[in-house]
Amino acid sequence: MVKVAVLGAAGGIGQPLSLLLKTNPLITGLGLYDIVNTPGVAADLSHIATPAKVEGYLQPDDGLKKALTGADVVIIPAGVPRKPGMTRDDLFKINAGIVRTLAEGIAATAPKAFVLVISNPVNSTVPIVAEVLKAQGVFDPKRLFGVTTLDVVRASTFVAELINDRAAASSVVVPVVGGHSGVTIVPLLSQSSHPLPSGVDIDALVKRIQFGGDEVVKAKDGAGSATLSMAYAGYEFAIKVIKAVKGEKGIVAPSFVNLSADSAGGQALTKELGTELEFFSSRIELGPEGVVKIHPLGTINESEKKLIAAAIPDLQTNIETGYGFIKKATL
Ligand SMILES: NC(=O)c1ccc[n+]([C@@H]2O[C@H](COP(=O)([O-])OP(=O)(O)OC[C@H]3O[C@@H](n4cnc5c(N)ncnc54)[C@H](O)[C@@H]3O)[C@@H](O)[C@H]2O)c1
Ligand SMILES: O=C(O)C[C@H](O)C(=O)O
């Protein structure tokens with residue numbers, strides 16, 4: 001039995017993500033929560049002939065608590081998306097409070113759940129969730145994940161386009177490390193499973209992966225940011241977590257995690273980075289308790305070293321911003 005709760009389930013990401021989750025027979029319960037429209041979304045999904053029992057709740061009458069009751073995995077795509085001209089950090093003012101409230105609900109009702117944070121800015125919202133769980137004495141770093149899968153999905157797609165082999169897109173593996181915004185997104189193209197042809201403009205490809213989100217924001221022209229590709233990526237990550245929890249071995253996925261989740265791996269990564277960061281996105285081996293191993297960066301070239309160096313100050317600031325928000329609230 002696996003129950004997944006989706007918080008923000010009626011939104012642009014929440015609806016297609018819930019649809020994908022409903023199609024997977026590994027999932028036996030779906031608890032959908034939003035401040036609008038979840039009863040309708042749940043009724044609609046509940047007619048699909050798959051095992052998951054779907055329930056939709058709104059804010060009144062303890063809706064958050066009901067959606068979270070018995071949840072093994074909680075996915076959070078609640079919050080506002082960007083409009084053209086905005087950075088992800090511009091979303092902080094609104095989304096920080098939303099994520100804090102949802103994290104308080106998780107601490108109270110599903111303290112042992114695996115928590116997957118999609119809401120932006122991920123580099124700050126994940127530390128917020130960690131601080132809320134810590135304050136309630138239920139923080140387990142192995143169970144908290146910032147969802148950075150979309151960056152890896154984009155890198156695979158763009159590399160497949162460049163090698164003229166779209167059919168290979170799902171088998172192209174490019175590690176993307178750091179965080180989830182602008183220069184904190186660091187693709188390690190030198191480690192691509194599929195070598196790039198000579199003459200490819202690597203700098204342009206790096207930029208495209210770093211600012212892939214902006215491409216979608218611009219094309220949507222005020223109607224939001226990536227939703228469908230994010231639902232695909234979030235689903236892919238959630239299913240990996242569920243399979244690992246169910247005992248499947250050797251599952252590795254990218255995620256923005258607290259480096260104390262694997263102290264040996266975290267220390268090795270800190271050594272490579274040459275600086276202490278509490279959170280970083282790297283390849284993570286997953287197991288029944290969540291994070292098993294945080295993989296190191298491995299061999300990277302000179303320009304990738306520069307990209308990492310450029311990512312660190314922003315990451316530090318973003319993480320501090322998340323922490324600061326909770327500290328200020330408790331003063
Ligand atoms: N991590 C990533 O790679 C990634 C990718 C795409 C989008 N995002 C982020 O995901 C978030 C959602 O994007 P979207 O396009 O689905 O936005 P959306 O506006 O379409 O949907 C957000 C949903 O959240 C709900 N919501 C708002 N406040 C809430 C609250 N207090 N409790 C519960 N639900 C609440 C809204 O009612 C809405 O249904 C944004 O912050 C966006 O930037 C992250
Ligand atoms: O770009 C955004 O604001 C949404 C998301 O983080 C993305 O990468 O598409």
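First listed ligand is number 1; within each ligand, the first listed atom is number 1.
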Looking at ligand 1, does any of its N/O atoms fall within less than 3.5 Å of an N/O of [X]?
X: Leu7; value: no
X: Gly79; value: yes
X: Ile98; value: no
X: His180; value: yes
X: Leu91; value: no
X: Thr227; value: no
X: Ile118; value: yes
X: Ser119; value: no
X: Ala78; value: no

Under 4.0 Å from a heavy atom of [X]: give me the atoms of ligand 1 that qualify, with their elements.
X: Val122; answer: 1 (N)
X: Val36; answer: 37 (O)
X: Asn95; answer: 41 (O)
X: Ala226; answer: 6 (C), 7 (C)
X: Asn120; answer: 4 (C), 8 (N), 9 (C), 41 (O), 42 (C), 43 (O), 44 (C)
X: Gly12; answer: 16 (O), 18 (P), 20 (O), 21 (O)

Partners passing salt bridge (charged side-chain N to carboxylate O under 4.0 Å, His left out) against Glu131 (at least two apart in sequence or in another chain): Lys134
Val252: side chain to side chain contact (heavy atoms under 4.5 Å, CB included) partners, not counting sequence neighbours: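 Partners of Val252 under the side chain to side chain contact (heavy atoms under 4.5 Å, CB included) test: Arg283, Glu285, His295.
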- prompt: Heavy atom of Gly224 under 4.0 Å from ligand 1?
  reply: no
message: Using heavy atoms and a 4.0 Å limit, tell me yes or no: is Asp34 in contact with ligand 1?
response: yes
In the protein, what heavy atom is nearest to [atom], and what distance, to one decimal place, separates them?
atom: atom 16 (O) of ligand 1; value: Ile13 N, 2.9 Å
atom: atom 4 (C) of ligand 1; value: Met230 SD, 3.4 Å
atom: atom 12 (C) of ligand 1; value: Pro77 O, 3.0 Å
atom: atom 32 (N) of ligand 1; value: Tyr33 CE2, 3.7 Å
atom: atom 40 (C) of ligand 1; value: Val80 O, 3.2 Å
atom: atom 27 (C) of ligand 1; value: Ile35 CD1, 3.8 Å

Side chains of [X] and [Y] in contact at under 4.5 Å (non-hydrogen atoms):
X: Leu205; Y: Leu196; result: yes
X: Val74; Y: Tyr33; result: no
X: Val4; Y: Ile242; result: yes
X: Asn123; Y: Phe279; result: no

- prompt: Is it true that Glu161 and Arg208 have a side-chain N and a carboxylate O under 4.0 angstrom from each other?
  reply: yes
task: In plain terms, say whether Arg82 and Asp214 are close enough for a salt bridge, that is, a side-chain N and a carboxylate O under 4.0 Å apart.
output: yes
Which heavy atom of [X] sits nearest to which heavy atom of [Y], and what is that distance?
X: Gln210; Y: Pro187; value: CG-CD, 4.4 Å
X: Asn95; Y: Val80; value: OD1-N, 2.8 Å
X: Asp151; Y: Gly179; value: OD2-O, 4.0 Å

Please check if any side-chain donor atom of [X] sits under 3.5 Å from a side-chain acceptor atom of [Y], or the reverse.
X: Thr149; Y: Lys240; value: no
X: Asn301; Y: Ser303; value: yes
X: Ser281; Y: Thr148; value: yes

- line: To atom 17 (O) of ligand 1, the nearest of Ala231, Gly11, Ala9, Pro81 on a heavy-atom basis is Pro81
Within the 4.0 Å heavy-atom sphere of ligand 2, strictly under, residues: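 Ligand 2 is contacted, at a heavy-atom distance under 4.0 Å, by Arg82, Arg88, Asn120, Leu150, Arg154, His180, Gly213, Ser225, Ala226.
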Please table the atom pairs, donor to acceptor, closer than 3.5 Å between any side-chain atom in residues 18-29 and protein atoms at least two apart or in another chain.
from: Ser18; atom 1: OG; to: Gly14; atom 2: O; distance (Å): 2.7
from: Lys22; atom 1: NZ; to: Ile48; atom 2: O; distance (Å): 3.2
from: Lys22; atom 1: NZ; to: Thr50; atom 2: O; distance (Å): 2.8
from: Lys22; atom 1: NZ; to: Thr50; atom 2: OG1; distance (Å): 2.8
from: Lys22; atom 1: NZ; to: Ala52; atom 2: O; distance (Å): 2.8
from: Thr23; atom 1: OG1; to: Leu20; atom 2: O; distance (Å): 2.5
from: Asn24; atom 1: OD1; to: Leu26; atom 2: N; distance (Å): 2.8
from: Asn24; atom 1: ND2; to: Tyr235; atom 2: OH; distance (Å): 2.8
from: Thr28; atom 1: OG1; to: Val2; atom 2: N; distance (Å): 2.8
from: Thr28; atom 1: OG1; to: Val2; atom 2: O; distance (Å): 3.1

task: Give a yes or no on this: more than 12 heavy atoms of other residues, nucleotides or ligands lie within 6.0 Å of atom NZ of Lys83.
output: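 Count not over threshold, so no.
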message: If you count every heavy atom of other residues, nucleotides or ligands that lies below 6.0 Å from Lys66 atom NZ, does the total exceed 12?
response: yes
query: Out of Val132, Leu133, Thr125, Val126, which residue meets the side chain to side chain contact (heavy atoms under 4.5 Å, CB included) rule with Val129?
result: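 With Val129 as partner, side chain to side chain contact (heavy atoms under 4.5 Å, CB included) holds for just one option, Leu133.
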